[in-house]
J.: 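Sharing a structure with you now.
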Amino acid sequence: MSPNTEDGENTVNPVDDPTPDFGTVTDAGQLAALFDSSPEAGLLAVLEAVRGRNPEMAKSLHAILSDPERMRALKDSGLLDDPPTHNLDETIRLTIDAVGVPHVAVNLITPEEQATAAIAFRTGSPDGPSTRTLVNSLCVLPVVSGSPLIIDDIADHALLADHPTAVSGEVTAYLGIPLADENGQVIGTFCAWDSEPHHWSSAEVQLMSDLSILVQELIFGR
C-alpha cells in the first residue's frame, strides 16, 4: 500500500526492511518506543511475538498486556464479565449504517486472547467463537501501538498478507481504533471490517474516531 496516510490509507505500512533489532527490545517500554520510532518495525515485533518466533518479544508483549493498570482498566470496563449495555449494542448497530460497513465490533485484548464484547453484522449473525488467540487477532496491533490501524486491502500489505484472518478470507479491509480509559490505558478496539477491499475515506476514519469516543464513554460510564 502507498505510504500516504491521507484518505484512509494504512497508518502502518511495510518498508523495504522493517526488521527491528530485537536485541535492544527487552521490556514493555522499549517495545512502545519501537512503535514511536518505526511503526512498521513495532508491528513486525508484535507479529513475531504472537507467532512465538521471538521469546524476548513475547515477554515484552506480555508485559504490556498484563500491566496492572491496564488490567484494572479491563476489569473496570465490566465487559469481561457482563454483557454490553443496550446503549453500547445500539451504537455498534448504528455504526454499520453510519459508516457503511458490514461488520463492527468492540474487541477486548487480554494477555492471552481477544474477546468480543459487542458485535453487529449488517446481515446474519456471528457464528464463530467470541474469543480468539492473539495470533489470530488484528486488534492486538492497534492496542499495543496505541494508534489506529487502517487497511484497505490486506493482500497488498507486506506484513499482514499472510495473517490468518487474511488467509481465511474473513478480513480484507480493516479499521481498528484503540479504546482507552481516562488514564490512557488501552483495553481493546472499536473496529470495522469487510471481506472485500474497502478504501477508508478520511470522512469514514473521522466518523469511526468520533464514535469511538462515544463508545469509550459508554464503557467507562456504565
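Owing to the predicted nature of the structure, the values given are computational and were not obtained by experimental measurement.
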J.: Once rounded to the nearest 0.5 Å, what's the spacing between atom CG of N54 and atom NZ of K59?
T.: 10.0 Å
J.: Any donor and acceptor pair, going by atom type alone, linking the side chain of T91 with main-chain N or O of N87 inside 3.5 Å?
T.: yes
J.: Quick one, I219 and F190 - any side-chain contact, counting heavy atoms below 4.5 Å?
T.: no
J.: So H103 and W193, would you call those rings parallel, tilted or perpendicular, with 30° and 60° as cut-offs?
T.: parallel
J.: Find the distance between OG1 (T95) and CG (L211) and round it off to the nearest 0.5 Å.
T.: 4.5 Å
J.: Taking L159's backbone N and O only, do any of them form a donor-acceptor pair with H157's side chain (distance below 3.5 Å, no angle check)?
T.: yes
J.: Would you say I119 ends up clustered with L94 if hydrophobic residues are merged whenever their side chains have heavy atoms under 4.5 Å apart, either directly or through other cluster members?
T.: no
J.: To the closest 0.5 Å, what do you measure between NE2 (H163) and CZ (R51)?
T.: 6.5 Å
J.: With the side chain counted from C-beta on, respond yes when V101 and W200 share a heavy-atom pair under 4.5 Å apart, and no when they do not.
T.: yes
J.: Does the side chain of T172 come within less than 4.5 Å of D153's, by heavy atoms?
T.: yes
J.: Which pair of non-hydrogen atoms, one from D152 and one from H199, has the smallest distance, and what is that distance?
T.: OD2-ND1, 3.2 Å
J.: Ignoring hydrogens, what is the shortest heavy-atom contact between P84 and L88? Give both atom names and the distance.
T.: CB-CD2, 3.8 Å
J.: Applying the side chain to side chain contact (heavy atoms under 4.5 Å, CB included) criterion to L65, which one of V186, V143, T110 satisfies it?
T.: V143
J.: Atom CG of L43 and atom CG of L141: how far apart are they, to the nearest 0.5 Å?
T.: 5.0 Å
J.: So does A180 get a backbone contact from the side chain of Q216, meaning a donor-acceptor N/O pair under 3.5 Å?
T.: yes
J.: Do L149 and V167 belong to the same hydrophobic cluster, where Ile, Leu, Val, Met, Phe, Trp and Tyr are linked whenever their side-chain heavy atoms lie under 4.5 Å apart, directly or via other members?
T.: no
J.: In this structure, would M71 and L80 fall into the same cluster of hydrophobic residues linked by side-chain contacts under 4.5 Å?
T.: yes
J.: How far apart are the closest heavy atoms of I96 and P102, and which atoms are they?
T.: CD1-O, 3.9 Å
J.: Which pair of heavy atoms, one from A173 and one from E196, lies closest together, and at what distance?
T.: CB-O, 3.6 Å
J.: Determine whether I151 and L160 make a side-chain contact, defined as any pair of heavy atoms from C-beta on separated by less than 4.5 Å.
T.: yes
J.: Between the side chain of R132 and the main-chain N/O of T116, is any donor-acceptor distance below 3.5 Å?
T.: no
J.: Locate the shortest heavy-atom distance separating L61 from A49; write the atom from each residue and the value.
T.: CD2-CB, 4.0 Å
J.: Check the pair L74 / Q185 against side chain to side chain contact (heavy atoms under 4.5 Å, CB included), numbers first and verdict last.
T.: CA-CA 9 Å; L74 269 170; Q185 296 295 330; over 6 Å; no
J.: If I take atom CG from residue L108 and atom OG from residue S130, how far apart are they, to the nearest 0.5 angstrom?
T.: 10.5 Å
J.: Taking the side chain as every heavy atom from C-beta outward, state whether I150 and V205 have any pair of such atoms under 4.5 Å apart.
T.: yes
J.: Side-chain contact, heavy-atom cut-off 4.5 Å: I154 with Y174?
T.: no
J.: Under 3.5 Å, side chain of S137 to main-chain N/O of L134, donor-acceptor pair present?
T.: no
J.: To the nearest 0.5 Å, what is the distance between CE (M208) and CD1 (I213)?
T.: 12.0 Å
J.: Please step through side chain to side chain contact (heavy atoms under 4.5 Å, CB included) for the pair L138 and V171, ending with a clear verdict.
T.: CA-CA 9 Å; L138 283 171; V171 177; 3.8 Å; yes
J.: I need the minimum non-hydrogen distance between A45 and M57, along with the two atoms involved.
T.: CB-SD, 3.6 Å
J.: So do I109 and Q114 actually touch side chain to side chain, heavy atoms under 4.5 Å?
T.: yes
